[in-house]
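Everything on this sheet refers to the single structure shown next.
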Amino acid sequence: MSGQPVARGRFITFEGGEGSGKSTQGRLLAERLAGAGITCRLTREPGGSPGAEAVRRLLLEERQPFHPLAESLLFAAARADHVKTLIEPALAAGEWVICDRFIDSTRAYQGAGRTVAASVIDQLETLAIGACRPDLTIILDLDPRLGLTRADARRGASGAADRFEGETLAFHERIRAAFRAIAAAEPARCLLLDATADKAAVSDRIAARVSDAFGITPGSGAAP
Ligand code: TYD
């Protein structure tokens, strides 16, 4: 006998430039949702599944440059693996998924940053994710000068910058503008927040939007 059909889980993504605090806010939201009895799968891109983590190492540790189209295809390949093997099955089983970076990072970094044509980015996006679109996207907005300083500090003296952190300020400014444009174009999906605001206040704004969007009140989340 089959039981009740399981309600599909919610898919929430976090986006923003370097050092914008996405990972911290994703974790805080997962903790707050756990307080409301909702278990979340916390994951990230590039990566998240074994195959996609292998592509991540190629993208972030390999020192050879890639042509921008090849780089875009690699992010799409990692994403397809992640969606098919982790995100889609989790959502279908009723789990919520919180993902640190997703399609908007490709639009911003490869589209605006590397100037790959929007038509190419769109085709890759459709191929990689099909109908698996985020229900909600939180975009943390930050001046890249500040974000890169934060990312440098986090890495410490010994850590080398990856292929994106070492890019020019102009590159990171294009990325910031692209994220802001996405938020303006898709207000029903995206919430743009000032990443310089107090961490607990940002977390409260996110929880309020989750509550509005899904009718669930995340727990209060003790300030870290
Ligand atoms: P990561 O170490 O995860 O950094 P962060 O903490 O900033 O998320 O590195 C991921 C890098 O990959 C980051 O610089 C953004 C870049 N990226 C793209 O260029 N395109 C993409 O589609 C994704 C998902 C990430």
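Numbering of ligands and ligand atoms starts at 1, following listing order. If you're wondering where the values come from, they're calculated on a predicted model, not measured in any experiment.
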Test item: side-chain donor near acceptor, Ser105 and Glu15, under 3.5 Å: yes

Value rounded to 0.5 Å, distance of CZ in Arg32 from CZ in Arg27: 14.5 Å

Contacting atoms of ligand 1, where contact means under 4.0 angstrom from a heavy atom of Thr106: 21 (C), 22 (O)

Distance-only donor-acceptor check, side chains Arg44 and Ser23, under 3.5 Å: no

Pro46: numbered ligand 1 atoms lying under 4.0 Å from its heavy atoms: 10 (C), 24 (C), 25 (C)

Side-chain donor/acceptor of Arg163 to backbone N/O of Glu62, under 3.5 Å: yes

Location of contacts on Lys22 toward ligand 1, heavy atoms closer than 4.0 Å: side chain

Pick from Arg155, Arg79, Arg107: the one approaching atom 24 (C) of ligand 1 most closely through a non-hydrogen atom: Arg79

Any Ser23 heavy atom less than 4.0 Å from ligand 1: no

Distance, nearest 0.5 Å, that separates CG of Leu142 from CG of Leu148: 9.0 Å

Closest candidate by heavy atom, reference atom 2 (O) of ligand 1, pool Glu167, Arg101, Arg56, Arg44: Arg56

Where ligand 1 meets Arg154 - atom numbers and elements under 4.0 angstrom, heavy-atom basis: 6 (O)

Atom 14 (O) of ligand 1 - nearest protein heavy atom and its distance: Glu18 OE2, 2.8 Å

Partner residues of Ala30 under the side chain to side chain contact (heavy atoms under 4.5 Å, CB included) criterion, sequence neighbours left out: Cys40, Leu42, Ile98

Heavy-atom nearest neighbour in the protein, as seen from atom 18 (C) of ligand 1, with distance rounded to 0.1 Å: Phe75 CZ, 3.2 Å

Partner of His172 under side chain to side chain contact (heavy atoms under 4.5 Å, CB included), chosen from Arg145, Glu18, Glu165: Glu18

Per-residue contact class, Leu60 against ligand 1 - non-hydrogen pairs under 4.0 Å: side chain

Only distances under 3.5 Å count here; give the side-chain donor-acceptor pairs of residues 68-76 to other protein atoms, sequence neighbours excluded, each with its distance to 0.1 Å.
| unit_1 | atom_1 | unit_2 | atom_2 | d |
| --- | --- | --- | --- | --- |
| Glu71 | OE1 | Arg114 | NE | 3.1 |
| Glu71 | OE1 | Arg114 | NH2 | 3.1 |
| Glu71 | OE2 | Gln110 | NE2 | 2.6 |
| Glu71 | OE2 | Arg114 | NE | 3.0 |
| Ser72 | OG | Pro68 | O | 2.8 |

Ligand-side contact atoms (ligand 1) for residue partner Gln110, heavy atom cut-off under 4.0 Å: 18 (C), 19 (O), 20 (N), 21 (C), 22 (O)

Within reach of ligand 1, part of Glu15 (heavy-atom separation under 4.0 Å): neither

Arg8/Glu88 salt bridge by N-O under 4.0 Å criterion: yes

Close N or O approach (Glu45, ligand 1; < 3.5 Å): no

